[in-house]
Undergrad: 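This structure is in structure tokens; I'll ask about it shortly.
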Amino acid sequence: MPSPYKTIIEPHRIKVVEPIRLTTLDERQALLRAAGHNLFGLRADDVIIDLLTDSGTSAMSAEQWAGVMRADEAYAGSRSWFRFEAAVKDIFGHRHVIPTHQGRAAERILFSSAVKKGQVVPSNTHFDTTRANIEFTGAEALDLVIPEGRVPSSRHPFKGDMDIGRLETVLQDREVPLVMLTVTNNSGGGQPVSLANIRAVSKLCRERGVAFYLDACRFAENAFLIKQREPGQGDRPVSDIAREMLRLADGCTMSAKKDGLANTGGFIAANDDALAERMRNLLILTEGFPTYGGLAGRDLEAIALGLYEALDEDYLTYRIRSVAYLGEKIAAAGVPIVEPPGGHAVYIDAKALLPQIPASQYPGQALACELYVAGGIRSCEIGSVMLGDGAPMELVRLALPRRVYTQSHVDYVVEVVADVCSRRAQLRGMRIVEQPSVLRHFTARFAPLTA
Ligand code: F0G
């Protein structure tokens with residue numbers, strides 16, 4: 001019988017704790033100035049609540065730590081490799097499993113083996129490393145998310161869906177070696193892709209003889225959001241939905257730093273034998289032998305367990321609820337967010353929150369800096385600083401590490417964000433004083449503009 005109580009609790013208790021150093025406002029002002037007003041330049045010890053990313057920041061379970069001790073560090077054919085391979089095959093369902101040190105290594109190997117100059121690779125929205133790895137081969141990375149996916153206030157339940165009409169046109173007019181779908185759509189607000197849309201993309205690709213790959217980093221969160229939001233899917237076990245999603249694709253690239261619940265790792269899953277052989281040859285060149293691919297046996301073991309833990313329905317219920325809770329509370333305080341909150345993060349619409357700051361003065365950066373000074377919260381600008389001038393949206397992402405923070409941590413974040421929102425009229429923009437030629441968001445230095 002289901003529980004009669006409404007409160008959703010963290011379905012784990014705490015065995016090991018890590019202290020958080022509580023800095024003061026004056027300290028944070030000085031620390032931010034020293035970091036050139038760039039939150040990537042801070043020491044993590046100077047952050048109270050770190051919402052920079054959900055990648056590689058998960059807390060591992062007691063079982064995973066036990067797996068770390070059980071792991072086999074043999075160079076070739078380690079026991080941990082066979083556990084890892086069996087887990088990926090069971091959940092993902094593809095014939096070949098190729099381990100890599102993280103997601104972008106899987107992307108580099110897939111695209112250098114399957115994509116050529118002049119071709120085009122469509123996706124709902126490519127993550128920035130995916131786009132960069134496609135462009136590095138001389139091919140074009142094309143984003144074909146549905147129009148609702150670019151409107152922060154739209155409440156469409158599956159804002160990560162691919163625009164099927166536009167995909168059909170591209171498949172007709174251009175040379176497409178493979179189509180991708182990012183689940184969930186991180187760069188578009190962490191929004192899920194519906195099962196109906198994945199089925200439609202899969203069918204279209206099969207009809208046209210084009211390969212179909214998922215960027216599957218957050219596959220479990222996407223599957224849970226399908227169960228919650230898609231008509232007819234509510235009664236299915238999440239692991240069933242996930243298995244169907246993954247099997248609709250010919251392969252996947254995966255960063256195990258997200259729904260692998262591990263601190264590092266990744267892999268490629270693929271059905272194409274000839275392609276898998278080319279990828280394994282490239283793997284040996286730069287990542288390692290095909291039974292470890294740049295990972296320690298203990299990483300393989302942690303991922304093999306983490307993939308199953310990520311599909312646990314009690315865990316996912318808590319996970320998705322804590323993201324929705326943060327989104328609902330700050331929206332109620334008047335903060336415009338990308339609606340509805342998705343799987344791993346809440347995205348604040350800085351353009352709508354700070355209309356007095358034009359995009360050229362980086363409203364997202366200004367907001368992210370103020371959240372740090374006010375409450376020691378580290379977030380991530382996803383707007384003109386990260387994506388370049390002319391970015392489609394000016395967002396600030398509050399990404400929740402998995403199983404790390406408690407509800408009172410989230411309540412604290414809500415209080416800080418609401419306080420900053422109440423002072424929104426006083427916030428001023430920033431200018432860049434120093435920047436590198438590529439990926440400027442990591443190292444650029446900023447100065448606040450005065451009124
Ligand atoms: N694909 C997506 C959708 C991602 O979100 C990321 C990483 C990657 C691929 C690359 O994986 O980091 O293991 O090489 N996203 C992190 C983030 C960095 O903060 O969103 P990786």
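Note that ligands are numbered from 1 as they come in the structure, with each ligand's atoms numbered from 1 the same way.
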Undergrad: For ligand 1, which atoms sit closer than 4.0 Å to a heavy atom of Gly103?
TA: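 Going through ligand 1 atom by atom, the ones under 4.0 Å from Gly103 are 11 (O), 13 (O), 14 (O), 21 (P).
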Undergrad: Going by the order shown, which atoms of ligand 1 are within less than 4.0 Å of some heavy atom of Cys217?
TA: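 Under 4.0 Å from Cys217, ligand 1 has these atoms: 1 (N), 2 (C), 3 (C), 4 (C), 9 (C).
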Undergrad: Please report the shortest heavy-atom distance between Gly388 and Arg440, naming the atom on each side.
TA: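 Closest approach of Gly388 to Arg440: CA-NH2, 3.9 Å.
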Undergrad: Which heavy atom in Cys421 sits nearest to a heavy atom in Leu353, and how many Å separate them?
TA: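 In terms of heavy atoms, the two residues are closest at SG-CD1, 3.9 Å.
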Undergrad: Any idea which protein heavy atom is nearest atom 10 (C) of ligand 1, and the distance to it?
TA: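 For atom 10 (C) of ligand 1, the nearest protein heavy atom comes out as Thr129 OG1, 3.6 Å.
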Undergrad: Which is it for Met180 and ligand 1 at heavy atoms under 4.0 Å: side chain, backbone, both or neither?
TA: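 Contact part for Met180 vs ligand 1: neither.
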Undergrad: Note the single closest protein heavy atom to atom 11 (O) of ligand 1, along with its residue, its atom name and the distance in Å.
TA: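 Looking only at protein heavy atoms, the one closest to atom 11 (O) of ligand 1 is Lys258 NZ, 3.2 Å.
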Undergrad: Whether the Arg131 and Ser187 side chains hold a donor-acceptor pair (N or O, under 3.5 Å, no angle test) is what I'd like checked.
TA: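 On atom types as modelled, these side chains do not qualify, holding no pair under 3.5 Å.
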Undergrad: Short list, please: which atoms of ligand 1 are under 4.0 Å from a heavy atom of Thr182?
TA: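 Under 4.0 Å from Thr182, ligand 1 has these atoms: 3 (C).
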Undergrad: Using the six-membered ring wherever Trp is involved, compare the ring planes of Phe289 and Tyr75 and label them parallel, tilted or perpendicular (cut-offs 30° and 60°).
TA: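 Rings of Phe289 and Tyr75: tilted, as their planes differ by 30° to 60°.
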Undergrad: Measuring from the heavy atoms of Gly266, does anything fall under 4.0 Å of ligand 1?
TA: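 Outside the 4.0 Å threshold, so no.
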Undergrad: What protein heavy atom sits nearest atom 9 (C) of ligand 1, and how far away is it?
TA: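 For atom 9 (C) of ligand 1, the nearest protein heavy atom comes out as Glu107 OE2, 3.0 Å.
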Undergrad: Answer with yes or no whether the side chains of Gln407 and Ser322 bring together a donor and an acceptor at under 3.5 Å.
TA: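 No - no donor-acceptor pair under 3.5 Å links their side chains.
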Undergrad: So does Lys227 pair up with Glu313, basic N to acidic O under 4.0 Å?
TA: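 Yes, charged N to carboxylate O under 4.0 Å.
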Undergrad: Which residue and non-hydrogen atom of the protein lie closest to atom 21 (P) of ligand 1, and at what distance in Å?
TA: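 Ranked first by proximity to atom 21 (P) of ligand 1 is Gln102 NE2, 3.3 Å.
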Undergrad: What do you reckon, does Thr53 have a nitrogen or oxygen under 3.5 Å from a nitrogen or oxygen of ligand 1?
TA: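 Between Thr53 and ligand 1 (N or O atoms, distance only) the closest approach is under 3.5 Å.
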Undergrad: What are the atoms of ligand 1, with element, lying closer than 4.0 Å to any heavy atom of Lys257?
TA: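 Answer for ligand 1: 13 (O).
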Undergrad: Which is it for Arg104 and ligand 1 at heavy atoms under 4.0 Å: side chain, backbone, both or neither?
TA: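 Both of them.
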Undergrad: Looking just at side-chain N and O atoms, do Thr23 and Arg28 make a donor-acceptor pair shorter than 3.5 Å?
TA: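 Indeed, the side chains of Thr23 and Arg28 share at least one donor-acceptor pair under 3.5 Å.
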Undergrad: State the atoms of ligand 1, each with its element, that fall below the 4.0 Å cut-off from a heavy-atom position in Arg397.
TA: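 Listed by number with element: 17 (C), 19 (O), 20 (O).
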Undergrad: Do Gln102 and Thr264 have side-chain atoms, one donor and one acceptor, less than 3.5 Å apart?
TA: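 There is no such pair between these side chains.
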Undergrad: Just by distance, no angles: are the side chains of Thr125 and Asn185 close enough, under 3.5 Å, to form a donor-acceptor pair?
TA: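 Checked: Thr125/Asn185 side chains pair up, N/O donor to acceptor below 3.5 Å.
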Undergrad: Does Arg218 have a non-hydrogen atom less than 4.0 Å from ligand 1?
TA: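 Checking ligand 1 against Arg218, which is what was asked, there is a heavy-atom contact under 4.0 Å.
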Undergrad: Which of the atoms of ligand 1 are close to Ser255, meaning less than 4.0 Å from one of its heavy atoms?
TA: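 In order of numbering, the contacting atoms are 11 (O), 13 (O), 21 (P).
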Undergrad: Is there a donor in the side chain of His126 and an acceptor in the side chain of Asp215, or the other way round, less than 3.5 Å apart?
TA: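 No, no side-chain donor-acceptor pair sits under 3.5 Å.
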Undergrad: Is the closest side-chain heavy-atom distance between Tyr362 and His37 below 4.5 Å?
TA: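 No, every pair of side-chain atoms sits at 4.5 Å or beyond.
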Undergrad: Starting from atom 18 (C) of ligand 1, locate the nearest protein heavy atom and write down its residue, its atom name and how far away it is, to 0.1 Å.
TA: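 The protein heavy atom lying closest is Phe127 CZ, 3.9 Å.
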Undergrad: Identify the protein heavy atom lying closest to atom 1 (N) of ligand 1, giving its residue, its atom name and the separation to 0.1 Å.
TA: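 I find the closest protein heavy atom is Asp215 OD2, 2.7 Å.
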